[in-house]
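Inspection log for the structure reproduced underneath, given as structure tokens.
Every value quoted in this text rests on a predicted model; they were computed, and no experiment measured them. Here is the naming used below: chain letters follow the sequence lines, and residue numbers restart at 1 for every chain. For the numbers below, each heavy atom of this structure counts, side chains included, while hydrogens, waters and symmetry mates do not.
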There are 2 protein chains.
Amino acid sequence: MSKCEQCIVRQFNSLKALTKEELMRVSACKTTQIVKKGDNIFEEGDSLNGIYCIRDGVCKLTKLSENGKDQVVKLALKGGMIGQRSLISGEPSNLTATAVNDMQVCFVPKSEIIQDLQKNPDFSMDVLKNMAKDLKNSDDQLVDMAQKTVKQRLANTLVYIHQKFGSDENGFLALTLSREDYASIVGTATESAIRILSQFKKQGLISTKGKQIKIEDDTGLLRVE
Amino acid sequence: MSKCEQCIVRQFNSLKALTKEELMRVSACKTTQIVKKGDNIFEEGDSLNGIYCIRDGVCKLTKLSENGKDQVVKLALKGGMIGQRSLISGEPSNLTATAVNDMQVCFVPKSEIIQDLQKNPDFSMDVLKNMAKDLKNSDDQLVDMAQKTVKQRLANTLVYIHQKFGSDENGFLALTLSREDYASIVGTATESAIRILSQFKKQGLISTKGKQIKIEDDTGLLRVE
DNA sequence: TACATAATATGACAAATATCATAAAATATA
DNA sequence: TATATTTTATGATATTTGTCATATTATGTA
């Protein structure tokens, strides 16, 4: 089994603030798991006994609304950590984590993390900073959700995914999501999302091939009204 | 000037986790200010050199959207702390804090707080827990904003304010907000908020007297479709 | 390959919400 | 108290968005 000390992914999250000794302990107690596309890592209401560090792949964090629709709250990718909020508050998870493509994640037990939070101020400060960043993102999303049109939100989402995940060799977004996923990021009906994508296509802002999407004009998308 | 050691308000926030010595230092370096209704404590983009502990009164934390409308992200009341997120991330404030009624707030300089975060794991853990709670609230709000109707959101807001702020001697909500404030909490046009309030009144869910609102049927409000 | 299944696409229509106009009431101010 | 100003209220209408129906295309599987 591979060691955390040699894992590059760690540089992208709070684990980089651990001392060599702490990291070795984490490495010794962690377990690595393969998660197949579509499978859940954990579900809303689950008690989490640790956190997950994403070695590879992407997952969506969603919450089921009373109307029966899932809302995507966040996308987490390679280097991300999920489950910290729940671990810190000691409450069951507020969100469901579902693999958007095949993933490899490392589970680190709660006891080790809590101990490091208590002993290592650099680590706890870094976790605090990441949580602060999440909170800012969440607040900003809330404002957009409240004040922007569906069209604007979908345009922003496309640009965001372009920026965050880049393009493949053919120019298509490297992260392929279903139209339903787009709809539940944007907070709209799947048909509405599809309709607006068609419109963007006619306007030359994007092009598509099956479910794959190519961004043709980022700035144009950001100008959508 | 009054001392933090004797301040009850502290019990409601992370400052309760400080040691006696730390608290005395905070008390020595803090400054108390009066903020009049409608005045800003800080604005979006301001660099904050500390955090504010609310001794009395209520403020709204808002963000201006590109469409020119303010969105309320959070209401903070007596015992609450504002500005922590910005202090921790080291970024300018993401939100504007405006007094909804007359307030008294204590400003604690950044240097003192940072030092305590570094030295006192109980304190940093408590700040972390509060941030985790804020994050959960923000995520939940996001889901509601995306998936619930304006009517449901306004009903939920009324119940929330009833729970959080209670009623005055005449049964009216103890926190009086303008219809415009309600609209920018719910994320709708002021006219829509007013229209729906009128509807709730006809249904006997609330009653009003000027801008004052009395909740007549909490459970009924929560059942609104 | 052929079939079944799921995902995407689009039309028609209904419902929700925003906008503009204007009136009435409440509140602040002289 | 009288007046000006703001806030609340409501109607008319336009726009946005959701829902249901159905066709088409893509994708997985035997």
*Integer-rounded Å distance: C/dA9 C1' and A/K201 NZ*: 8 Å
*In whole Å, what is the span from the CG atom of B/N67 to the P atom of C/dT17?*
17 Å
*Take atom CD1 of A/I196 and atom P of D/dT16, then tell me their distance rounded to the nearest Å.*
10 Å
*Locate the shortest heavy-atom distance separating B/S14 from B/N130; write the atom from each residue and the value.*
OG-ND2, 2.8 Å
*How bent is the helix from C/dT1-D/dA30 to C/dA30-D/dT1, comparing axes over its five end pairs at each side, to the nearest 10°?*
50°
*Report the distance from atom CZ of A/F200 to atom C1' of C/dT8, rounded to the nearest whole Å.*
17 Å
*Please state how far atom CG in B/D181 lies from atom P in D/dT6, giving the value in whole angstrom units.*
16 Å
*Charged N-O contact under 4.0 Å between A/K136 and B/E91*: no
*Would you mind building the protein contact string for nucleotides 18-30 of chain D? One character per nucleotide, 5' to 3', B for base within reach (heavy atoms under 4.0 Å), S for sugar-phosphate only, - for untouched.*
BBB----------
*Check: B/S198 side chain, B/I194 main-chain N or O, donor-acceptor pair, under 3.5 Å*: yes
*Would you mind reading off the distance between B/I194 atom CD1 and C/dA25 atom C1', rounded to a whole angstrom?*
12 Å
*Is the phosphate of D/dT17, meaning OP1 or OP2, less than 4.0 Å from a side-chain N or O of A/K151?*
no
*asked:* Could you measure the distance from the CD1 atom of A/I51 to the OG atom of A/S86? Nearest 0.5 Å is fine.
replied: 11.0 Å
*Gap between atoms CD and P, on B/E225 and C/dA15 respectively (whole Å)*: 14 Å
*Which part of the nucleic acid, if any, lies within contact of B/S178, taking any heavy atom under 4.0 Å across all strands shown: a base, the sugar-phosphate backbone alone, or nothing?*
sugar-phosphate
*Check the distance between C/dT8's P and A/L154's CG and give it to me in whole angstrom.*
13 Å
_Charged N-O contact under 4.0 Å between A/D139 and B/K63_ = no
_Checking the side chain of B/D168 only, and the main-chain atoms of B/G171 only, is there a donor and an acceptor separated by less than 3.5 Å?_
yes
*Is the phosphate of D/dT10, meaning OP1 or OP2, less than 4.0 Å from a side-chain N or O of B/S198?*
yes
*For A/K214 and A/N170, indicate whether the former's side chain and the latter's backbone hold a donor-acceptor pair under 3.5 Å.*
yes
_B/D181/B/K60 salt bridge by N-O under 4.0 Å criterion_ = yes
*Which pairs count as ring-ring contact (aromatic ring centres under 6.0 Å, His included) when at least one residue sits in residues 51-100 of chain A, sequence neighbours excluded?*
A/F42-A/Y52, A/Y52-A/F107
